[in-house]
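Every chain is numbered from 1, with letters handed out A, B, ... down the list of sequences.
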Protein chains: 2
Amino acid sequence: MAVTLADVAAHAKVSSATVSRVLSGNYPVSEATRTRVLRAVDELDYVLNGPASALAAASSDLVGILVNDIADPFFGIIAGAVQSETGGTAGDEKLSVVCNTGGSAERELTYLTLLQRQRAAAVVLTGGATEGTAGHADAVAAKLARLAAAGTRVVLCGRPPLPVPPEAAGGEPPAATLTFDNRGGAQRLTEHLLSLGHRRIGYVTGPPDRTTTRHRLEGHRAALAAAGLAEPGAGSGSGSGSPGSGSGSGGLGRLTVHGTFDRSSGYDATLELLRREPGLTAVVAANDTIALGACAALRDQGLRIPQDVSVAGFDDLPFSVDAVPALTTVRLPLHAAGARAGRIAMGREAVPPGGVATVRADLMARASTAPPPGR
Amino acid sequence: MAVTLADVAAHAKVSSATVSRVLSGNYPVSEATRTRVLRAVDELDYVLNGPASALAAASSDLVGILVNDIADPFFGIIAGAVQSETGGTAGDEKLSVVCNTGGSAERELTYLTLLQRQRAAAVVLTGGATEGTAGHADAVAAKLARLAAAGTRVVLCGRPPLPVPPEAAGGEPPAATLTFDNRGGAQRLTEHLLSLGHRRIGYVTGPPDRTTTRHRLEGHRAALAAAGLAEPGAGSGSGSGSPGSGSGSGGLGRLTVHGTFDRSSGYDATLELLRREPGLTAVVAANDTIALGACAALRDQGLRIPQDVSVAGFDDLPFSVDAVPALTTVRLPLHAAGARAGRIAMGREAVPPGGVATVRADLMARASTAPPPGR
DNA sequence: CGCTTTGAGGCAAGCGCTTTCCCCCGCTGT
DNA sequence: ACAGCGGGGGAAAGCGCTTGCCTCAAAGCG
């Protein structure tokens, strides 16, 4: 039905092999022939058959990007940056397949299989891995190893490195990893609050089964602990290896409330925090979106920011600087990290030594934090 | 190198045809055989070769989504919604390929060709079509017609319908279209401001070569005109057919300033507006992001919102309700529209009669607009 | 009881490309 | 002038799957 290579070949009076060579460009073809072929391609309006090409060449030009939620600017920015490196650059353009996992390891696995099926050239995984469902995390790791073995480049961006498989401890890491310094950033943020004089600091976390959530909380607690303010009932940030222990909401201190990474949970959690500790002088949120909800809740309670209560977020999404007052937060260089991930995925940049690079997370002190009312 | 169908067949002691039938499921296979095959698939860790399958079956399970900028929540939300319908639902899961066109018709064309090459099952185009580069718009339309002819479902979401090709005036429209009521929404928004008593209303538009920009501006002017306030030098919203006339920034009234769809252009444009007309009592922005920039600019000039100047946006992105004060805007049901586009793309929902459906745009009057200071 | 119907599964022909061989032709070296 | 050589181009063998067609056996029928 459609125009095929053979049609073009006939039209240009050459063999189909020649046409293929002209199109792929990796074989010497005389100038005369090349123009003749190109003319024929043009006249017949020929478009290469991707599947056939991929089958014959045993490679495709698809790059997969797994995100938790594409509607969330956090992921949107990363995905966009990855694309800017993998996308329609003349020459070796790749098509990027963005897959919404919703943060579920199960769907992650599904998509990974789908991408494996397409023989994707590379896969970039972003977002926190869900650790909840025990078997899945391992299954994901195993799948990634298999993808890597099949020649797909695997890059993790903004998630912790894969556990090194015990059997192949010496081998190449199956995935290049760009991990954000969530722990350090969170720690610096809370230190900032402490140095302003805050002592009653509430914390609104993300979903308990995300590593991102856990690492940020650990940083927060480390800062608290260093100031001699360890919360009761909080097992301060220790080993990151043991998933099993409890489904999450146990063991949190009185000033820590779990939420999801969205605005309304930030709103509700802040109300809850206020109920538990009316004398709160600061609220730290696990991300900017939660912080926005926190601001709304505080304002609805008649509290002024930052005069009565300071608020801080994490991520430094574009809207944060426009919040009123401008939000103190921790900047994650999402675009830069995504772009780097994209370059690694394209094989244009070397994998960081050891397979893992930590991306810095800088404190952005802005107007939403100030000394507590007492001082 | 990889496990193939034949390997599975050998392992299960059946022919490869049978394995294929078991996997595709559209052919009667006895229960005993099916389990045997499935077991073999499992044991060998077999993954179908997508390209080979697509080649043989002459169809693929890719859906393309073209957006201007995936990092922009406007597009992120639509893309996410499309995916929720086309994505990993058990059974006929499709992989969605998100392509950032950056609003350039040229890149749009590039991606369309790439998708055509992949024999995509469907393509959803969002975002305003750039009309600037004359030939490209036609080329895009022609390409879409060709895609449609080749069996790819084409859906336009949030952009105007394709011009009906003169030759095939009676035929099926090549694309199903979901178009936002930008003109009507903008008109209602400006009417709202007028009814509050505003007369000196500044307008910050988007890029001049987008239909979205134009339609919103037309609605704004229609409202102005109806109130007897037509701006000098503004050819009030008339025919939408003639692209050629001028590259855009001519013909705008004194109170209209062009920007791009981003925050900083909103900031700059608002400053410019203030310079031109210090007595301004309201600023209408072509979208929420611009409005945020406008708010920042006004605030930096010591003006209060809404007591001194009212501000309104368009789109009702999630952050708009959290702006301080909450932003008056026009709500576009992005998620619903995207989901519907996805369903149409999957062939699960009928194309609207005539091929075109208009999606409503409702005024959301919030705290950022109030009567002007005089009254 | 022999013959037709029917369901399950095998055979093999491609799908449209890439790529390995190989050949042909014109050029250089001696 | 002839063997040698190298570059441009053709023939054809797959790549791994889907599917039309056919076979075979068990079941249904008169």
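- Distances from the side chain of B:Ala56 to the nucleotides C:dT19, C:dG14, D:dC21 place C:dG14 closest.
- Proximity note for B:Val14 (side chain, C-beta onward) versus C:dT18, C:dG10, C:dC21: the nearest is C:dG10.
- Here D:dC15 presents its C1' atom at 4 Å from CG of A:Leu55, a figure rounded to the nearest Å.
- If you take CZ of A:Arg119 and P of D:dG16, they are 9 Å apart, rounded to a whole angstrom.
- Side-chain N/O atoms of A:Thr33 include one lying less than 4.0 angstrom from OP1 or OP2 on D:dG9.
- Side-chain N/O atoms of A:Ser30 include one lying less than 4.0 angstrom from OP1 or OP2 on D:dG9.
- Looking at heavy-atom distances under 4.0 Å, B:Ser24 makes no contact with the nucleic acid at all.
- Nearest heavy-atom pair across B:Leu178 and B:Ala337 is CD2-O, 3.5 Å.
- D:dC15 atom P lies 11 Å from atom CG of B:Asp7, rounded to whole Å.
- Rounded to whole Å, the distance from CG on B:Asn26 to P on D:dC17 is 16 Å.
- For the pair B:Ala345 and B:Val124, the tightest heavy-atom approach, listed with the atom from each and the gap, is CB-CG2, 4.0 Å.
- Toward the 5′ end of DNA chain D lies the nearest nucleotide of A:Pro28, the other residue of the pair A:Pro28 and B:Leu48 mapping further downstream.
- Going from atom OG1 of B:Thr4 over to atom CG of B:Leu48 covers 11.0 Å, rounded to the nearest 0.5 Å.
- Phosphate contact (OP1/OP2 of C:dG10, side-chain N/O of B:Ser15, threshold under 4.0 Å): present.
- Remark: P of C:dG10 and OH of B:Tyr27 are 11 Å apart, rounded to the nearest angstrom.
- Looking at A:Asp69, its side chain never comes within 3.5 Å of a backbone N or O of A:Gly102 through a donor-acceptor pair.
- Nearer the 5' end of DNA chain C, as judged by each residue's closest nucleotide, is the contact made by B:Arg36, out of B:Arg36 and B:Ala52.
- Rounded to an integer number of Å, the gap from B:Asn49 CG to D:dT18 C1' is 13 Å.
- Across all strands shown, B:Ala58 has no heavy atoms under 4.0 Å from either base or sugar-phosphate atoms.
- Look at A:Thr18 and you'll find a side-chain N or O under 4.0 angstrom from OP1 or OP2 of D:dG10.
- Mapping A:Thr4 and B:Lys13 onto DNA chain C via the closest heavy atom, the residue that lands nearer the 5' end is B:Lys13.
- Side chain A:Arg21 to base D:dG10: a donor-acceptor pair is found below 3.5 Å.
- A donor-acceptor pair under 3.5 Å links the side-chain atoms of B:Arg159 to the main chain of B:Gly127, judged by distance alone.
- The two atoms that bring B:Val356 and B:Pro161 nearest to each other are CG2-CB, 3.7 Å, heavy atoms only.
- Taken over five-pair windows at either terminus, the axes of the helix from C:dC1-D:dG30 to C:dT30-D:dA1 are inclined to one another by 40° (rounded to 10 degrees).
- Between the CG atom of A:Leu5 and the P atom of C:dT19 there is a distance of 12 Å, given to the nearest Å.
- Side-chain atoms of A:Thr152 come within 3.5 Å of backbone N or O of A:Ala120 as a donor-acceptor pair.
- Listed nucleotides D:dT19, D:dG10, C:dG16 differ in distance to A:Ala17; the shortest reach to its side chain belongs to D:dG10.
- Taking A:Ser30 as the reference, A:Thr33 meet the side chain to side chain donor-acceptor pair (under 3.5 Å) condition, with sequence neighbours excluded.
- At whole-Å resolution of the value, CG in B:Leu23 and P in D:dT18 are 7 Å apart.
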